[in-house]
Amino acid sequence: MKLLPLTPAGQTPIRALTIAGTDSGGGAGIQADSRTMAMCGVHACVAVAAVTVQNSVGVSGFHEIPPEIVADQVRVVVSDIGVGAAKTGMLASTTIIEAVAAVAAEVGIGRDRPIPLVVDPVCASMHGDPLLHEEALDAVRNTLIPAATVVTPNLDEVRLITGIEVVDDKSARQAAEALHALGAEWSIVKGGHLRTSELSTDLLFDGDRFLEFSSARIDTGNDHGGGDTLAAAITCALAHGYSVPDAVAFGKEWVTKCLEASYDLGAGHGPVSPLWRLQV
Ligand SMILES: Nc1ncnc2c1ncn2[C@@H]1O[C@H](COP(=O)(O)OP(=O)(O)OP(=O)(O)O)[C@@H](O)[C@H]1O
Ligand SMILES: Cc1ncc(CO)c(N)n1
């Protein structure tokens with residue numbers, strides 16, 4: 001695959017910011033984002049929104065960072081280091097979502113602002129353990145998604161946010177329209193969980209045209225962190241100035257490589273591997 005441009009050693013690389021939760025198991029969340037950004041040649045800045053207690057079999061708890069500390073991490077990074085794009089992942093609560101939306105508006109992150117924002121509206125882990133308080137879904141719909149340059153839910157998140165059960169191409173299109181109607185500039189409906197097809201197809205919509213990004217379905221149970229990895233790779237490409245369709249094309253190819261290189265870890269689901277370029 002064609003990689004992103006690399007920066008000569010000693011020169012300052014492109015920077016991107018992830019605002020998300022940590023994964024103590026190292027496969028998803030901020031760890032997936034930073035590993036992806038590093039392997040894409042991008043310097044990762046991080047604003048921690050929550051600390052999860054997590055391994056390959058599940059999430060047994062999480063601790064939320066005070067909203068003003070989350071916002072301050074964003075503020076100090078953007079004012080000093082500067083970032084080309086930003087991404088949100090697990091934000092846990094209404095108050096953190098509101099603080100992130102407010103600081104994003106203040107520093108110029110989000111749709112129609114200088115720094116594009118990829119919103120991965122993380123609601124639960126792949127094991128079904130909650131990563132977002134249920135009452136925060138309204139803030140996801142009304143505050144977070146309207147700030148998104150691109151929103152990237154999986155099918156469970158699509159159902160929670162829009163009420164639409166995606167079972168085929170028609171319902172995927174309806175869901176992409178519903179997400180766009182909430183205010184995202186572009187919406188993606190990820191097909192990873194739609195196991196009826198031999199392909200894994202992600203549908204991208206901008207209110208006008210639908211674009212499809214497909215790969216052969218990879219037979220693996222080690223897909224922990226796949227959604228974070230896709231969104232982080234899209235963020236890296238946006239930070240390089242790619243258009244949204246080009247950034248999604250890059251992200252889809254990147255996550256496919258990571259799925260192909262995924263590995264067993266612990267007793268549960270292993271992670272996709274952003275390290276694929278360093279593995280033989
Ligand atoms: N078995 C698979 N084969 C090929 N591509 C896949 C497969 N599973 C997922 N993908 C791709 O990986 C990306 C992430 O999709 P997925 O729906 O799994 O995200 P997710 O559920 O948010 O991930 P996670 O919660 O594990 O981080 C998408 O681009 C999707 O098409
Ligand atoms: C912290 C965190 N963010 C996102 C996910 C979803 O992959 C996860 N399991 N953990």
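Just so you know, ligand 1 is whichever comes first in the structure, and atom 1 is the first atom listed for that ligand. Remember, predicted model here, so these are calculated numbers, not experimental data.
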May I ask you to list the atoms of ligand 1 that are less than 4.0 angstrom from any heavy atom of [X]?
X: G226; value: 14 (C), 23 (O), 24 (P), 26 (O), 27 (O)
X: S200; value: 4 (C), 5 (N), 6 (C), 7 (C), 10 (N), 11 (C), 30 (C), 31 (O)
X: S215; value: 4 (C), 5 (N)

[atom] [closest protein heavy-atom partner, distance rounded to 0.1 Å]:
atom: atom 13 (C) of ligand 1; result: V255 CG1, 4.0 Å
atom: atom 25 (O) of ligand 1; result: N154 ND2, 4.1 Å
atom: atom 23 (O) of ligand 1; result: G227 N, 2.9 Å
atom: atom 26 (O) of ligand 1; result: D223 O, 3.2 Å
atom: atom 8 (N) of ligand 1; result: G192 CA, 3.8 Å
atom: atom 15 (O) of ligand 1; result: K190 CD, 3.8 Å

Worksheet entry | Amino acids contacting ligand 2, non-hydrogen cut-off under 4.0 Å | G21, T22, A28, G29, T52, Q54, M90, V122, S125, L131, H224, D228

At under 4.0 Å between heavy atoms, which part of [X] makes contact with ligand 1: side chain, backbone, both or neither?
X: D228; value: both
X: K252; value: side chain
X: I218; value: both
X: A216; value: backbone

Practice prompt. Report yes if D202 has an N/O atom closer than 3.5 Å to an N/O atom of ligand 1; otherwise report no.
Written response: yes

Discussion item. Can you tell me how the ring of F250 sits relative to the ring of Y242, calling it parallel under 30°, perpendicular over 60° and tilted otherwise?
Written reply: perpendicular

Discussion item. Tell me whether the rings of F205 and F210 are parallel (<30°), tilted (30 to 60°) or perpendicular (>60°).
Written reply: parallel

For residues 108-123, which side-chain N or O atoms pair as donor and acceptor with protein atoms under 3.5 Å away, sequence neighbours left out?
residue : atom : partner : partner atom : Å
R111    : NH1  : G183    : O            : 2.9
R113    : NH1  : I109    : O            : 2.7
D120    : OD1  : T152    : OG1          : 3.1

Item to complete: For atom 18 (O) of ligand 1, state which one of H193, E260, H269 supplies the nearest heavy atom.
Response: H193

Discussion item. Heavy atoms only: which of D219, L259, L230, L199 lies closest to atom 12 (O) of ligand 1?
Written reply: L259

Item to complete: To the nearest 0.5 Å, tell me how far Y263 OH sits from H224 NE2.
Response: 10.0 Å

Worksheet item: Distance only, no hydrogens: is a donor on one side chain within 3.5 Å (strictly under) of an acceptor on the other, for S273 and Q279?
Response: yes

Item to complete: Would you check if there is a donor-acceptor pair between the side chains of D168 and S171 at a distance under 3.5 Å?
Response: yes

If only atom types and distance count, is the side chain of [X] paired as donor or acceptor with the main-chain N or O of [Y] below 3.5 Å?
X: N222; Y: H269; value: no
X: E98; Y: A139; value: no
X: R15; Y: G82; value: yes

Answer yes or no: is there a side-chain heavy-atom contact under 4.5 Å between [X] and [Y]?
X: I161; Y: V151; answer: no
X: K257; Y: M39; answer: no
X: V78; Y: E106; answer: no
X: C45; Y: M37; answer: no

Worksheet item: Measuring from the heavy atoms of A28, does anything fall under 4.0 Å of ligand 1?
Response: no

Worksheet item: Do R217 and E198 meet the salt-bridge criterion of a basic N to acidic O distance under 4.0 Å?
Response: no

